[in-house]
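Please read the structure below before turning to the comments.
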Amino acid sequence: MLAGVAEQLGSAYQHAGIARDRIADAVAVLDGLGEQHSEPLVPPELLQAAEELERGLGLITGGANAVADIDARL
């Protein structure tokens, strides 16, 4: 069971990492386009999503560490 949980956490981390990369790409594109406009084009919600995603990655890492610790004790 622990191996399955560890695998799912690894998969979740990979998917979240892909999402982080795509958000970073979107922010970069919008920042570049925003140089031609008087107002920034990056919505605050996108930046907030990036922050929440980073927080989620930290939580996934913490969960994976906890599972690894439990597995080591068994």
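There is no path of hydrophobic side-chain contacts, each under 4.5 Å, that joins L59 to L53. Residues L74 and M1 do not share a hydrophobic cluster, clusters being chains of Ile/Leu/Val/Met/Phe/Trp/Tyr side chains in contact below 4.5 Å.
Nearest heavy-atom pair across A16 and L57 is CB-CD2, 3.4 Å.
Applying the salt bridge (charged side-chain N to carboxylate O under 4.0 Å, His left out) test to every pair with at least one member in residues 65-74, sequence neighbours left out, gives no pairs at all. For the side-chain hydrogen bond (donor to acceptor under 3.5 Å, both in side chains) condition, no pair includes a residue of residues 26-40, sequence neighbours left out. Within the structure, salt bridge (charged side-chain N to carboxylate O under 4.0 Å, His left out) contacts touching residues 49-59 (residues at least two apart or in different chains) are R20-E54, E52-R55.
Remark: E7 engages no residue in a salt bridge (Lys or Arg N to Asp or Glu O under 4.0 Å) (not counting sequence neighbours). With sequence neighbours excluded, the residues satisfying side-chain contact (heavy atoms from CB on, under 4.5 Å) with L47 are V27, V42. Residues that satisfy the side-chain contact (heavy atoms from CB on, under 4.5 Å) test with S11, not counting sequence neighbours, are H15. Qualifying side-chain contact (heavy atoms from CB on, under 4.5 Å) partners for P40, counting only residues two or more places apart in sequence or in other chains: none. Under the salt bridge (Lys or Arg N to Asp or Glu O under 4.0 Å) criterion, R22 pairs with no residue at all, not counting sequence neighbours.
Rounded to the nearest 0.5 angstrom, I70 CD1 and N65 CG are separated by 11.0 Å.
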